[in-house]
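Each chain gets a letter, A, B and so on, in the order the sequences are listed, and its residues count up from 1. Treat the numbers as computed from the prediction; the structure is a model and nothing was measured.
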Amino acid sequence: MREIMYRDAIREALDEEMERDENVLLLGEDVAFIGGNFKTSVGLYEKYGDLRVKDTPISEAGFVGMGVGMALTGLRPVVELMFSDFLLVSADQVINQMSKIRYMSGGQATVPMVIRAPIGAGRSSAAQHSQSMQAIVSQFPGMKVVLPSTAQEAKGLLKSAIRDDNPVVFFEHKMEYTNKFDIDDGIELIPIGKADIKRAGEDITIVATSSLVMKALKAAEKLEAEGISCEIVDLRSVVPLDRETIIASVKKTGRLLIADEAYERCGIGAEIAANVMEDVFYWLDAPIARIATPNVPLPFSPALEFPIIPSEDKILEKARALVAPTA
Amino acid sequence: MAKKLVKKQYQGVYETMYKMRRFEEEVFEFYKKGMMPGLAHLYLGEEAIATGVCAALNDDDYIGSSHRGHGHLVARGANTGMMMAEILGKKSGYSHGKGGSMHIMAMDKGILGANGIVGGEIPIATGAAYAALYRGTKQVSVSFFGDGATNEGTFHESVNMAAAWKLPCVYIIENNLYGISVDIRDVTNTNDLVDRAKGYGIPGAVADGMDVEAVYAVAAEAIERARAGKGPTIIEYKTYRWQGHHVGDPGDYRVRRDTKEKEKWMKRCPVAAFRKKMLGSGIAESAIRKAENAVEAEIQEAVTFAVDSPYPDVSEAFTDVFTD
Ligand SMILES: Cc1ncc(C[n+]2csc(CCOP(=O)(O)OP(=O)(O)O)c2C)c(N)n1
Ligand SMILES: [Mg+2]
C-alpha cells in the first residue's frame, strides 16, 4: 500500500498505458505544456512529445471528433474535456458519432476511445462548471460510462478503459483530484462493469457513485454507532450496470438508497430504482430512495451550493429515515 | 505543376462516373417503386467530383463522406451490391441494414462512413489524417461535404486544427448552391466559399465540378501536397444536383435567381461531357460501349443481389452496440 493523490493515479494510468502501447495518445485543452487544468497529465508532454500529448485549440466538437477519426483508424486516443459541462459542446461527436459508428457500420468499425471529463459541484463554479453528466450520457447506447471513486479505481478503471475496444466516457470527480488514498499496486486493472462492495452491512444498501462513495462510507461509520448497518456498493460504472450485485445486496438488506450527483430528474437513482424493482420488490422493507442534485442550475454562492448538493448529511438523514421510519 | 489525367486513365474514370450515374438511377427507381425504406440523397450531376478526386488517391487513403455519399463510395470501389442491399435495409448490406443510405461504411476501402449529421464527418476525417501523420504512413484523408456544411462549426474547427498541425487532409466542398432549399448565397456573404482558406492560412482552389479533368487537376495537386507533409487544402467545386435534395423532393425552389438555372446546369452533364471528350481523343465508340455494358451488368447484378437478399432477423437490432 502507498498513498497517492487521485490526480496522480490518473497520471500514472495514462503514463503506464502510453508506455505500454504506442497507439495511446492524449489530447485536449491545456493537457500538454501545463499538464492539464487539474494536473492530471504533468510530465507526459515532456516524456512523450508534442504529437502524443497534444494541446488542442478550444474546439470541443472538433477535437472529440478527431479522436473518433483516430480511433477508427487504429489509435487509442484519450480525449480530455476540461469540464464535463463542455461535453455538451461536443455532444454530436459523442452521442451521434463516437457511440453509434460501430452499430451504424454493422460492426465493421471499432472506436477504442476514452473521453475523460471532470464532474461535480463544490467549488463555487456555478451552473456551467459544476454539473455531472453521467445520467445524460448513460441514456445513449454505445458507450460505457465509468465513475471512479478512489485513486485505486481512478487508476485501475482508466487503464481498463484505455484497453477497452469500445468508447468509454470516464468521469473524474473534481473534488477528489488532490485527495489522497491508499493504493494497492498489486491491483493493476479493475474490470469495467463490476460494482464493488466497499463495506458489508445488513440493514440498508447504499449504491453510491464517484465522490459520494466516500461520503457514504463516512455516513456508514456514524450510522454503525447508531446501530444501523450499511452495505456500501461502489457502482463504478453506470454502463454496463452491475444489476446482480445491487439486487443481491438489496435482497439481503431489504432497503436501497441510491446516491449520485447528477440531476435527480431522469437521473441515475431513477434508473437503478426502476431497473431493479421487479427483482427486489418482494424483499423491500421500505421504498427505494435516492439522493441527487435537485433540478435547479447549480448556484454560485457557497450559501446556496453546499446546502443543496448531495452530502454525507443527506445520506445520513435518508438512511435513518429508511431504516427507522418515524411515525 | 498541375497534374493532368492521362489518356490511359480515361476509361477507368469514365466507368466510375457512369457507374455512379447508373447506380443512382437505380436507387431512384427503388424509391419510385416503393421498395426503399426511408430516403436517399442522390449524387446525380455531381459525379465528376468524387470521380476526379478519388482518381488521385491511393488505395490505403481515407475518405469521410456525407449524407450524399453514394458517389464517394462508388468512386472508392465499394461493392455496389452491398451498397444497394444496405439502401434497401437488407442483411447483406454493408451494415447489415443498420445504417441505410446515410450511413454506408466500408472500412476495408478506407471509407470512414457516410454521415447523417451535416458536418459530422469533417473532424472524423481530420482525425484519420492525424493518425496518418502520427504513424508516418503518408496516407491522406479526404473529407467530402456540401456548401451547407461549411457553415457548421465542425468545418471551422477541423480546418483550423489541420492547418495548425499540417495534417494530410484535403477538404472538398461540393458547392451545389443549396442546402435543402436554402440558397448558400442567401446565408453566406462570400461568393467563393474557398475564400475562407485564407483565414486558416492554407491554400484554397476553385474548380469546375462538372469537368472531371479540372476536378482531378486541383485535387491531385492538393493530395500530393498533403502527402508531402505540407498540410491541408480546401477545394471548392462548383456543381449542381440534378434532383431535389433527396428522392421525393422535386427541388422546384431553385428558381429564385434564375428560372432556367436547372436547365442551364443540366446542359453541362459531366458524364456526357467526358464521353464526348473521350471520343474526341480518339477512343472508339465501341470501347466506350463495352465499358458501359460492363457497368450495366454490374449494376443489374447489384440490383438483383439487393432485391433478392433477405432482411435481417430482428435479433440483429441488438448486436454491434458494443464489441466484446
Ligand atoms: C446537423 C444537421 N443539420 C441539419 C440537417 C438536415 N439536413 C440534411 S442535408 C442538409 C443540407 C446540407 O446541405 P449541403 O451541406 O450543401 O449538402 P448537399 O445536400 O447540398 O449535398 C440538411 C440541412 C442534418 N442532417 N444535420
Ligand atoms: Mg449543397
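- When the candidates Tyr94(B), Trp165(B), Phe155(B), Tyr62(B) are compared by the number of heavy-atom contacts under 4.5 Å with chain A, Trp165(B) comes out ahead.
- In this structure, Asn23(A) CG and Leu75(A) CG are separated by 5.5 Å, a value rounded to the nearest 0.5 Å.
- Between Tyr171(B) and Phe145(B), the two ring planes are tilted [angle within 30° to 60°].
- For Val239(A), the part sitting under 4.5 Å from any heavy atom of chain B is the side chain, from C-beta outward, and nothing else.
- Contacts of Glu316(B) with chain A are made by backbone atoms alone, with heavy-atom separations under 4.5 Å and no side-chain atom involved.
- When each of Pro112(A), Ala109(A), Pro77(A), Pro141(A) is checked for heavy-atom pairs under 4.5 Å with chain B, Ala109(A) comes out on top.
- Salt-bridge annotation for Lys155(A) and Glu16(A): present, with a side-chain N of the basic residue lying under 4.0 Å from a carboxylate O of the acidic one.
- In this pair, His70(B) and Phe23(B) present their aromatic rings perpendicular. The plane angle is above 60°, beyond the 30 to 60° band.
- Taking Thr319(B), Asn115(B), Thr323(B), Val321(B) one by one and counting their heavy-atom pairs under 4.5 Å with chain A, the maximum is reached by Thr323(B).
- Within the structure, every pair that satisfies the side-chain hydrogen bond (donor to acceptor under 3.5 Å, both in side chains) test and touches residues 34-44 of chain A, not counting sequence neighbours, is listed here: Thr40(A)-Glu80(A), Thr40(A)-Arg116(A).
- For the set Met107(B), Met102(B), His156(B), the count of heavy-atom pairs under 4.5 angstrom toward chain A peaks at Met107(B).
- At a 4.5 Å heavy-atom cutoff, Met98(A) makes no contact with chain B through either its backbone or its side chain.
- The contact between Asp165(A) and chain B is made by backbone and side chain atoms together, counting heavy-atom distances below 4.5 Å.
- Salt-bridge formation is detected for the pair Asp279(A)/Arg243(A): a Lys NZ or Arg NE/NH1/NH2 atom is positioned less than 4.0 Å from an Asp or Glu carboxylate oxygen.
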